[in-house]
Amino acid sequence: MSSPPLSTFDRFLEWFMYRFRWIFVIPILLPMSFTFNLYYAIRNWLIFNIQSAPKAHDRKVGLIQKQVRDWATGDRKAKMCTARPGWLTMSFRFPAYKAKMTQIRTDRLIDILEVDTTNHLIRVEPMVTMGQITRTLIPLGYTLPIVPELDDLTVGGMINGCGVESSGKRYGLFQHICHSYELVIADGSLVVASKEKKDGGSAESQALFYGVPWSHGTLGFLVAATLRIIPCKPYVKLTYIPTRTVKETQNTLIKECNDRENEFVEGLLFSKIKGLVMRGEFCDKPPRNGRQNEIGKWHKPWFYTHAEKLAEREEESVEYIPLRHYYHRHSRSIFWEIKEIVPFGNNLLFRWTLGWLCPPKISLLKVTTPPALRRLYERNHVIQDMLVPLETLQESVDVFEKEINIYPLWLCPFTLPSTPGMLRQRSGKNLLYIDIGAYGITMNKTYEPRESTRRLEEFVRKVNGVQMLYADTYMSRAEFWEMFDSSLYEWLRVKFGCKEAFPDVYDKVCKEARY
Ligand SMILES: Cc1cc2nc3c(=O)[nH]c(=O)nc-3n(C[C@H](O)[C@H](O)[C@H](O)COP(=O)(O)OP(=O)(O)OC[C@H]3O[C@@H](n4cnc5c(N)ncnc54)[C@H](O)[C@@H]3O)c2cc1C
Ligand SMILES: NC(=O)C1=CN([C@@H]2O[C@H](COP(=O)(O)OP(=O)(O)OC[C@H]3O[C@@H](n4cnc5c(N)ncnc54)[C@H](OP(=O)(O)O)[C@@H]3O)[C@@H](O)[C@H]2O)C=CC1
Ligand SMILES: CC(C)=CCC[C@@H](C)[C@H]1CC[C@@]2(C)C3=C(CC[C@]12C)[C@@]1(C)CC[C@H](O)C(C)(C)[C@@H]1CC3
């Protein structure tokens with residue numbers, strides 16, 4: 001359905017808000033973001049160090065169980081979801097479905113419960129963020145094997161949705177570094193879903209462990225998760241390898257993924273003839289003649305602009321980057337989205353004077369986006385991540401260029417094991433996949449949000465890929481279940497009494513469920 005044509009005034013308003021959004025962002029959102037971040041950093045540090053979270057946890061879970069039992073003994077008319085407000089979530093859209101549902105308050109579950117360096121595990125509540133985890137673990141000499149790079153991504157979102165990062169070639173997706181989940185299920189009871197049956201779980205709760213990823217909170221409420229941690233070193237030795245064709249980028253990515261020395265592999269495609277593959281390994285400190293680059297410092301150029309310069313060179317470059325700076329390398333520039341919000345944000349003068357206040361919090365940007373601006377983004381802006389087999393990269397880039405034509409493209413390879421669950425490849429082997437991320441204004445003059453995305457989705461289904469579900473999906477229910485595997489999910493929905501309690505995952509992620 002096409003929307004009515006816009007008046008000249010509406011178009012001017014959209015353009016004005018887009019071009020001059022920084023007038024509001026710089027004096028208001030930047031100081032607010034800085035204050036929020038500072039408050040939470042101090043609060044989290046205090047709570048972790050006085051060790052009050054584990055005691056409070058049982059009480060908080062008890063409150064969630066009570067809310068679910070009240071629902072179970074009530075009229076059960078409205079299904080349940082979390083009460084997390086839409087503006088806090090890491091997606092362009094607001095979840096419309098929440099308004100008509102019973103909202104269960106899980107928002108106080110924001111603490112790290114235990115770091116167990118003997119067994120290499122960390123137990124956290126679901127609203128703990130990636131920034132909070134790296135701030136706590138790295139000084140102890142540990143890290144999560146997979147750290148999705150935006151600071152405000154939550155453990156709950158990474159597990160119930162999906163999380164990717166450049167260490168994926170070794171560890172898979174975020175779901176693959178999980179050891180167990182604690183869930184409050186539809187009848188209000190607390191179950192532990194664990195990868196191993198020997199951890200005390202039943203066969204059913206073991207099946208739940210494989211069912212939760214991608215289920216978007218439609219099997220139960222996650223109240224804690226135990227994740228693997230690994231020892232780390234303070235620096236990453238990062239080698240930048242320029243590439244000149246997509247085929248060369250694909251081959252270099254495959255080669256670097258197969259090199260067991262590498263901890264991190266990531267790619268950026270600035271055009272079909274200008275690419276960059278980055279391989280990284282942990283290291284103690286830069287050698288005397290090594291180039292140290294603290295890319296996360298407020299006065300440094302945005303990471304992707306720095307990377308583009310190195311992509312233009314003929315030869316490889318090597319840098320030594322502090323680990324936390326590496327993990328959050330795309331946070332300061334929100335990948336490359338910040339250039340549309342503060343166009344002069346990478347200017348030397350701006351960086352040295354106000355750079356320390358950046359980036360604005362995505363949630364604050366989201367809640368203050370006026371409707372006119374949303375309309376403009378809706379028409380021209382694409383935010384999509386497609387996970388496809390790495391061997392189809394060249395073909396996939398052709399389709400991305402034809403349909404949306406956005407550069408840079410983010411390329412993040414990862415290993416996909418053949419395990420049960422919604423994300424399913426049935427080869428019986430570990431396969432190399434790649435996340436192709438497109439974020440920005442499309443250069444395709446004939447771009448039409450619905451039709452272009454549907455063609456892209458069709459291609460992804462054809463090559464046995466999947467779409468990340470925080471983005472807009474235009475698939476029908478049948479197409480959705482062609483892309484994802486419903487066998488375990490449907491069985492779990494019946495087994496754990498979810499049908500009446502939670503909506504189907506499609507009804508949470510489809511276009512109609514979001515505004
Ligand atoms: C009807 C049904 C019953 C299930 N019962 C259990 C169970 O008791 N315990 C458990 O841990 N998981 C059970 N599951 C979950 C099942 O293990 C997952 O769906 C698994 O991911 C399917 O494996 P697959 O993809 O290899 O088989 P698919 O190709 O998805 O399944 C083929 C068919 O085999 C049957 N099937 C598969 N696994 C089982 C099983 N374990 N028990 C009985 N039938 C099965 C189903 O009819 C299914 O439709 C059941 C699933 C279904 C659909
Ligand atoms: N590098 C990466 O991997 C990146 C990933 N992303 C995407 O962002 C999303 C995460 O954003 P974030 O804001 O953290 O999460 P969200 O609040 O968006 O949550 C995502 C889904 O998980 C469900 N969920 C979250 N917490 C719980 C819980 N405790 N119990 C049950 N269900 C829960 C939500 O259910 P409900 O609808 O009921 O609230 C929602 O459907 C991911 O899905 C990911 O795909 C974005 C950027 C980068
Ligand atoms: C798998 C990976 C790495 C995904 C990265 C996704 C990010 C690029 C997305 C997640 C949230 C996201 C959609 C967002 C936006 C840009 C792209 C983001 C940051 C922005 C900031 C664009 C400007 C918009 O006005 C608005 C503020 C609503 C959104 C908020 C969410």
Side-chain angles (χ1 to χ4, degrees), residues 57-84 95-109 125-127 155-157 159-162 175 178-197 199-226 419-424 469 477 480-481 484-510 513:
H57 179 70
D58 291 346
R59 187 171 37 81
K60 290 190 257 181
V61 174
L63 285 175
I64 292 169
Q65 287 182 284
K66 182 177 175 313
Q67 294 173 68
V68 176
R69 286 197 181 116
D70 286 349
W71 173 87
T73 52
D75 64 10
R76 291 168 164 249
K77 274 201 186 122
K79 295 181 178 174
M80 292 180 284
C81 65
T82 78
R84 187 167 202 233
Y97 55 82
K98 294 210 171 188
K100 292 199 196 99
M101 291 173 66
T102 307
Q103 300 189 11
I104 305 296
R105 294 203 53 187
T106 53
D107 54 342
R108 289 166 71 187
L109 296 169
E125 293 181 328
M127 296 296 161
V155 169
I159 291 173
N160 289 281
C162 161
Q175 69 198 66
C178 295
H179 180 269
S180 62
Y181 311 130
E182 292 159 52
L183 298 144
V184 171
I185 54 170
D187 63 1
S189 53
L190 181 65
V191 300
V192 179
S194 178
K195 196 172 179 178
E196 310 287 343
K197 231 168 43 203
D199 291 330
S202 60
E204 285 79 18
S205 65
Q206 190 186 18
L208 199 52
F209 177 82
Y210 290 100
V212 165
W214 297 79
S215 70
H216 288 77
T218 59
L219 294 174
F221 293 104
L222 185 71
V223 292
T226 303
T419 50
M422 276 181 63
L423 176 59
R424 189 81 201 269
L469 298 175
R477 195 179 296 272
F480 180 83
W481 287 118
F484 292 97
D485 188 324
S486 68
S487 59
L488 178 63
Y489 179 73
E490 282 305 327
W491 178 73
L492 288 167
R493 296 260 299 162
V494 174
K495 182 85 198 162
F496 287 91
C498 305
K499 294 262 179 184
E500 234 189 304
F502 307 106
D504 182 88
V505 55
Y506 178 77
D507 294 317
K508 273 190 157 184
V509 300
C510 67

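Note that this is a predicted model, so its numbers are computed, not measured.
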Once the angle between the rings of Phe221 and Phe502 is folded into 0 to 90°, is it parallel (under 30°), tilted (30 to 60°) or perpendicular (over 60°)? perpendicular
When every non-hydrogen atom of Cys81 is compared with those of Lys98, the smallest separation belongs to SG-CG, 3.9 Å
Minimum side-chain heavy-atom gap Pro126-Thr106 below 4.5 Å: no
Excluding sequence neighbours, so at least two apart, what forms salt bridge (Lys or Arg N to Asp or Glu O under 4.0 Å) with Asp58? none
Arg477 (side chain) donor-acceptor with Cys510 (main chain) under 3.5 angstrom: no
Partner set under ring-ring contact (aromatic ring centres under 6.0 Å, His included) for Tyr210, not counting sequence neighbours: none
Would you mind reporting whether Phe480 and Leu469 have side-chain heavy atoms less than 4.5 Å apart? yes
For Val505, the option from Thr218, Leu219, Asn160 that meets side chain to side chain contact (heavy atoms under 4.5 Å, CB included): Thr218
Step by step, would you call Arg108 with Leu63 a side chain to side chain contact (heavy atoms under 4.5 Å, CB included)? CA-CA 10 Å; Arg108 289 166 71 187; Leu63 285 175; 3.8 Å; yes
Give a yes or no on this: more than 12 heavy atoms of other residues, nucleotides or ligands lie within 6.0 Å of atom NZ of Lys100. no
Salt bridge (Lys or Arg N to Asp or Glu O under 4.0 Å) partners of Arg105, counting only residues at least two apart: Asp107
Kindly compute the distance separating CD (Glu125) from CG (Leu222), expressed to the nearest 0.5 Å. 10.0 Å
Between His179 and Phe209, the two heavy atoms sitting closest are O-CE1, 3.5 Å
Answer whether the closest heavy-atom distance between the side chains of Lys60 and Val223 falls below 4.5 Å. no
So do Met422 and His216 actually touch side chain to side chain, heavy atoms under 4.5 Å? no
Go through the steps to decide whether His57 and Leu109 satisfy the test side chain to side chain contact (heavy atoms under 4.5 Å, CB included), and finish with yes or no. CA-CA 8 Å; His57 179 70; Leu109 296 169; 4.1 Å; yes
Hey, is the main chain of Ala186 close enough, under 3.5 Å, to the side chain of Trp71 for a donor-acceptor pair? no
Which pair of non-hydrogen atoms, one from Val494 and one from Lys499, has the smallest distance, and what is that distance? CG2-CE, 3.9 Å
Interatomic distance, Leu488 atom CG to Arg424 atom CZ [nearest 0.5 angstrom]: 8.0 Å
Looking only at atom types and distance, does a side-chain atom of Gln206 sit under 3.5 Å from a main-chain N or O of Lys195, one as donor and one as acceptor? yes
Between CG of Leu208 and CZ of Phe496, what distance do you get to the nearest 0.5 Å? 4.5 Å
Which heavy atom of Leu492 sits nearest a heavy atom of Cys498, and at what distance? O-SG, 4.1 Å
Tell me whether Ser486 contacts the main-chain N or O of Tyr489 through its side chain, where contact means a donor paired with an acceptor under 3.5 Å. no
Identify the heavy atoms of Asp507 and Ala513 that sit nearest to each other, and give their distance. O-CB, 3.1 Å
Under a 4.5 Å cut-off applied to non-hydrogen side-chain atoms, are Asp504 and Glu490 in contact? yes
Among Thr82, Val184, Asp70, Ile64, side chain to side chain contact (heavy atoms under 4.5 Å, CB included) partner for Ile104: Ile64
Please give me the minimum heavy-atom distance between Ser215 and Gly211, naming the atom from each residue. CB-O, 3.6 Å
Quick one, Tyr97 and Lys79 - any side-chain contact, counting heavy atoms below 4.5 Å? no
